Number of protein chains: 2
Amino acid sequence: MGRPRSFDETAVLDAAAAEFRVYGFADTSTEQLCAAAGVRRSSLYNAFISKDELFVRALERYATVFRERRAQVVADVRLSGAERLRVLMEDVVGEECAAREQGHAAGCMFVQTRMAPGLRERDERVVRILDRDQREFLDALEGVIRAGRLDGSIRADADPHEGALLVATVISGLRVTAQAGVEYGLLRRIALNGLHSLLG
Amino acid sequence: MGRPRSFDETAVLDAAAAEFRVYGFADTSTEQLCAAAGVRRSSLYNAFISKDELFVRALERYATVFRERRAQVVADVRLSGAERLRVLMEDVVGEECAAREQGHAAGCMFVQTRMAPGLRERDERVVRILDRDQREFLDALEGVIRAGRLDGSIRADADPHEGALLVATVISGLRVTAQAGVEYGLLRRIALNGLHSLLG
DNA sequence: TGCTTTCTGTATTCTGGAATACAAAATGCG
DNA sequence: CGCATTTTGTATTCCAGAATACAGAAAGCA
C-alpha cells in the first residue's frame with residue numbers, strides 16, 4: 001500500500017494551531033509552519049491542500065481540544081458550580097502566564113479569528129466553527145451556573161444566560177490584558193472579581 | 001511656497017485608523033487606504049513614507065482621540081465615580097453596536113495590535129504607544145475609582161489598581177464578545193455585571 | 001522483486017500587493 | 001509671470017511568500 005505517513009496528522013494540526021494562535025494567519029509563513037511541525041513543505045502541501053485549508057483544519061482541531069478540556073471541568077460533579085467556574089478561569093490565566101514565561105504570548109485562535117473580518121470571509125467554515133464553539137461553550141457555562149444556583153455556590157438571582165456571556169467576556173478580556181504583562185496573582189484576582197456578580 | 005496640501009492630514013489618519021482597526025494591518029491594502037481617505041497613492045506615499053509609517057502615525061492619532069474622549073468623562077466632576085465608569089462602558093458598548101448596524105464590527109486598534117506580535121516587533125514605537133496609552137488609561141481609571149470611594153458610589157474595599165485593571169479587561173472582553181452579534185441591551189448588562197465587584 | 005505511495009531536497013513559477021517613477025496638470029505665492 | 005510644490009494618472013518595478021514541479025530515496029506490502 002505504499003510508504004505510510006511518517007508524521008501524525010493531528011500533531012501537525014496542533015503545531016500549526018500553536019503558530020496561528022500566536023502570530024495570526026497573515027503573519028504565519030508556510031515555512032514557519034513546516035519548521036514548527038517538523039515536516040517538509042512538499043509533505044505539508046501533499047497532506048493539506050493549501051495554507052487556507054490547513055488553517056481551517058487547525059482551527060477545527062483547536063476547537064475540539066478546547067471543547068474536551070472544558071468538558072472535563074464542566075462535567076466534574078465533585079466540584080460545586082462556583083468552583084468549576086473558578087477552575088475554568090484558572091486554566092485561562094495559567095495558560096497565558098505559562099506562555100509568557102516562554103517569551104511569547106499565548107494568544108487565542110478564537111479571539112484572533114473573531115477580530116479578523118478578512119479571515120471570516122475567506123471561508124464560511126470558519127464562521128461555522130466559531131459560532132458552533134461559542135454556542136457550545138455558552139451552553140456548558142449555563143449548565144454550570146444552573147448547577148451552582150442549585151448547590152448554593154452561585155447567587156440565586158444570577159441569570160444563567162447572562163452569566164455565561166459574562167464569563168466568556170471576562171475570559172476574552174483576560175487574554176488581551178495578559179499581553180500587557182500583568183503578573184499571575186493579579187491576573188487571577190481580576191478574573192475572580194469579574195465574576196463577582198455570580199459568586200457574590 | 002508651492003501648491004498646498006489639498007487634504008487634511010489628520011483626516012487621512014482618522015480614515016486609515018478606521019480601516020486598520022477593522023481589518024488589521026496585514027489585511028488592509030494600500031489602495032483600500034487610498035479609497036477610504038480619498039487620496040491618490042502618490043499623495044499618500046508623499047505625505048507618509050510607507051504603509052508601516054502610516055500605521056504608526058494612525059495608531060498615534062487613534063490613541064490621542066481616545067485619550068481625549070476618555071478625559072472628558074473622567075474629568076466630569078458632575079458625575080459620581082460609579083457614574084463615570086458606567087458612562088465609559090456605555091461608550092464602548094454604544095460604539096460596538098453602532099458599528100454593527102453598519103455591517104462591520106468596530107474592532108479596536110489596541111486589541112488588534114496587542115494580539116499581533118509581528119506588528120509589535122516591526123516598530124518599537126508601536127510598543128511605546130501601546131504601553132503609554134495603557135498606563136494612562138489605568139491611571140485615569142484609578143483616579144475615578146478613588147473618587148468613587150470618596151463619594152460613596154464605589155465600594156470602600158475596592159482596590160483602585162486592581163479595579164482599574166478589571167475595567168480595562170472587561171472593556172477588551174466586550175470588544176471581542178460584540179463581534180458575536182450580542183444585542184445592545186444584553187451587552188450593556190454584561191458590562192455592568194462585570195463591574196459588580198466595584199459597584200456593589 | 002516489483003508496485004505504490006510518501007518522503008527529501010531543491011529549484012522554479014506565480015501572484016498579490018507594496019513601493020517607485022514620471023509626465024503633465026493644478027495651485028498658490030512673491 | 002515664474003518658481004516651487006503638490007496633485008493626478010498610469011505604468012513599472014520589486015518582493016515576500018504561496019504554491020508547484022520533479023527527481024530520486026525510503027518504506028511498506030504482495
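Bear in mind the structure is a predicted one, so any value in this text is a computation, not a measurement. The chains referred to below are lettered A, B, ... by the order of the sequence lines, with proteins before strands, and numbering in each begins at 1.
Within the 4.0 Å cut-off from OP1 or OP2 of D:dT7, not a single side-chain nitrogen or oxygen of B:R40 is found.
As a whole-Å value, the separation of A:F25 CZ from D:dG17 P is 13 Å. In this structure, A:F48 atom CZ and C:dT6 atom P are separated by 13 Å, rounded to whole Å. Atom CD of A:E31 and atom P of D:dA19 are 13 Å apart (whole Å). One interatomic measurement links the two molecules: CG of A:L44 to C1' of C:dC7, which rounds to 13 Å at whole-angstrom precision. In this structure, the OH atom of A:Y45 is 9 Å from the C1' atom of D:dG17, given to the nearest Å. Between the P atom of C:dT6 and the CZ atom of A:R5 lies a distance of 6 Å, rounded to the nearest Å. What separates CD of A:E9 from C1' of C:dT6 is a distance of 13 Å, to the nearest Å. Between A:F7 atom CZ and D:dA26 atom C1' the separation is 15 Å, expressed in whole Å.
Across all non-hydrogen atoms, the minimal contact from B:R70 to B:D133 is NH2-OD1, 3.3 Å. Residues B:M115 and A:G107 approach most closely at CE-CA, 4.4 Å, considering heavy atoms. Here the closest heavy-atom approach between residue B:Q134 and residue A:A180 is recorded as NE2-CB, 3.8 Å.
Aromatic pair A:F20/A:Y62: ring centres not closer than 6.0 Å.
In this structure, B:D151 contributes its side chain and B:G81 its backbone to a donor-acceptor pair below 3.5 Å.
You'll find that the side chain of B:K51 is closest to C:dA18, out of C:dC7, C:dA18, D:dA19.
Residue order along DNA chain C, read from the 5' end via each residue's closest nucleotide, puts A:N46 first among A:R41 and A:N46. Nearest-nucleotide positions on DNA chain D for A:S42 and A:A26 put A:A26 closer to the 5' end.
Heavy atoms of A:S50 sit under 4.0 angstrom from primed sugar atoms or phosphate atoms, though from no base atom.
For a distance-only test at 3.5 Å, the side chain of B:S29 fails to qualify as a donor-acceptor partner of the base of C:dG16.
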